[in-house]
Amino acid sequence: MIEMGEISITHDDFFHLARLAIAGQEDDVRLFVAKMVRRHRTDTPDFADRLEQLLKNQRNARSSTPLRRSSFDPAPQQSMPVDGETRLSLFRRYEDQVEQLEPLLSASLQQSFMQLIRERQQIQRLSELGLHPTRSAIFLGPPGVGKTLTARWLAAQLQVPLLVLDLTTVMSSLLGKTGANLRSALEFAKQTPSVLLLDEIDAIAKRRSDDSDVGELKRLVAVMLQEVDDWPASGLLLAATNHPELIDPALWRRFDLVLEFKLPETKQIKQSIERFAGDESLLIGRWLDVLSYAFQGASFSDIERTLQRFRRTLALGGPRLDELVEDFLRTRMPELNKEQRKAFAVLLAEKTKLSQRSISEITGLARDTIRKQGALPIQADTSGGKK
Ligand SMILES: Nc1ncnc2c1ncn2[C@@H]1O[C@H](COP(=O)(O)OP(=O)(O)OP(=O)(O)O)[C@@H](O)[C@H]1O
Ligand SMILES: [Mg+2]
């Protein structure tokens, strides 16, 4: 975060702006500023006004403003709904460049999303046949596997903003207000060309078990059911959850598509290591097989976090990569069962220069056990360090 007076912008935002400015992409800079106006209209209205004034002055000075997408006009037709009490915006809004986001997806998810996008591109043809495109989808899966990321990517593909309604926030406001909040938010989303993501939709279900507000909550669920049924084909309603078991089956059944996001398999683990290794991919690539094995059961965001840490440490001239990786491997061992650890010992012997002693120490297996795997010569290892 960079603090600027009373507002703060993320490093990503700042970097993005700097890149556009240096590349002389003036129109893109203006689009970006327009985005900041919208984003900060509620939290720091003075700042938003000043920015907007900048855009206006500049626009008057130019004959015309070739904004790429008219729906992204900096002066919004309708302002975003806010919580009555706190004045907090009920939405997070994303307008992303599609190439920044491409999620790594399983083949079956890839297919589903390609179809979804194709349907949107050929909406006319579908309607001539009396069909409407997929209007709603629910994403299930553990944390950090790309549910939110994919929603952003999808909206960018469809060239509309993504509005995220975080139901935990909505539900935490006073219940009497929740229904009104939810309705006004959904109404707004319906009228805005956008993809709407109801994040953590299980928040509704969780609150349902609390007796005190049963009446209001029933109404709320009823609102949701109705909305999913009636969502216009011009929009796309997405929902995401880590807790499918908490969701009312009646709600669940109403989504056109149910898509399961899983923890990455070996192939995607490899791809993600390569991607997240960035500039260090050559160096880190030497550990690719070993790291992919150790990342079994980890999420994409776990992998990203670890590789970011490696890169930061390397950039600052900290310990060598070998040491970092070895330390990391130790922390992953509790995630592997004994058979997996044995196989891992074989892999370490084949793919690295680690000594028997180090392998035994990392995997927590006795050296005898490791020798029995046939991966290492039978003679005693006295080197203590690297072979
Ligand atoms: N499939 C993926 N491909 C590439 N990067 C990913 C993927 N999944 C997660 N990531 C990385 O991890 C970050 C967090 O992922 P994301 O927020 O999409 O997870 P999520 O499934 O929505 O988790 P949660 O259930 O906690 O909301 C992303 O911003 C991205 O950097
Ligand atoms: Mg998410």
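Positions are given from 1 along the sequence. Just the heavy atoms: all of them, side chains too, but no hydrogens, waters or symmetry mates, feed the values below.
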- Query: Trp153 vs Phe113 aromatic rings, parallel, tilted or perpendicular, using cut-offs 30° and 60°?
  - Reply: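 Perpendicular.
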Sub-3.5 Å donor-acceptor pair from the side chain of [X] to the main-chain atoms of [Y], do we have one?
{"X": "Lys147", "Y": "Gly141", "value": "yes"}
{"X": "Tyr293", "Y": "Gln340", "value": "yes"}
{"X": "Ser360", "Y": "Leu365", "value": "yes"}
{"X": "Lys35", "Y": "Glu95", "value": "yes"}
{"X": "Ser281", "Y": "Ala277", "value": "no"}
{"X": "Thr352", "Y": "Leu354", "value": "yes"}
{"X": "Ser299", "Y": "Leu263", "value": "no"}
{"X": "Gln115", "Y": "Ser112", "value": "no"}
{"X": "Glu119", "Y": "Thr134", "value": "yes"}
{"X": "Arg332", "Y": "Gln296", "value": "yes"}

Partners passing ring-ring contact (aromatic ring centres under 6.0 Å, His included) against Phe276 (at least two apart in sequence or in another chain):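 For Phe276 there are no ring-ring contact (aromatic ring centres under 6.0 Å, His included) partners, ignoring immediate neighbours.
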Quick check: do [X] and [Y] have side-chain heavy atoms less than 4.5 Å from each other?
{"X": "Lys372", "Y": "Lys342", "answer": "no"}
{"X": "Leu283", "Y": "Leu314", "answer": "yes"}
{"X": "Leu198", "Y": "Glu227", "answer": "no"}
{"X": "Gln53", "Y": "Arg50", "answer": "no"}

query = Distance only, no hydrogens: is a donor on one side chain within 3.5 Å (strictly under) of an acceptor on the other, for Asp43 and His40?
reply = yes
Quiz item: Got more than 12 heavy atoms from elsewhere within 6.0 Å of CD, Gln111?
Solution: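 Not more than 12 within 6.0 Å, no.
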Give a yes or no on this: more than 12 heavy atoms of other residues, nucleotides or ligands lie within 6.0 Å of atom CD of Glu265. no
Under 6.0 Å between the ring centres of Phe255 and Phe139?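 No - the distance between ring centres of Phe255 and Phe139 does not fall below the 6.0 Å cut-off.
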Sequence neighbours excluded, which residues qualify as side chain to side chain donor-acceptor pair (under 3.5 Å) partners of Thr241?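 With sequence neighbours excluded, Thr241 shows a side chain to side chain donor-acceptor pair (under 3.5 Å) to Asp202, given in chain and number order.
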| field | Residue pair Glu304, Arg275: steps toward the salt bridge (charged side-chain N to carboxylate O under 4.0 Å, His left out) verdict | value | CA-CA 9 Å; Glu304 182 176 31; Arg275 178 186 298 191; over 6 Å; no
### Task
In sequence, state the C-alpha distance, the side-chain angles, and the governing distance for Leu236 and Trp231, and then conclude on side chain to side chain contact (heavy atoms under 4.5 Å, CB included).
CA-CA 8 Å; Leu236 177 62; Trp231 204 253; 5.7 Å; no
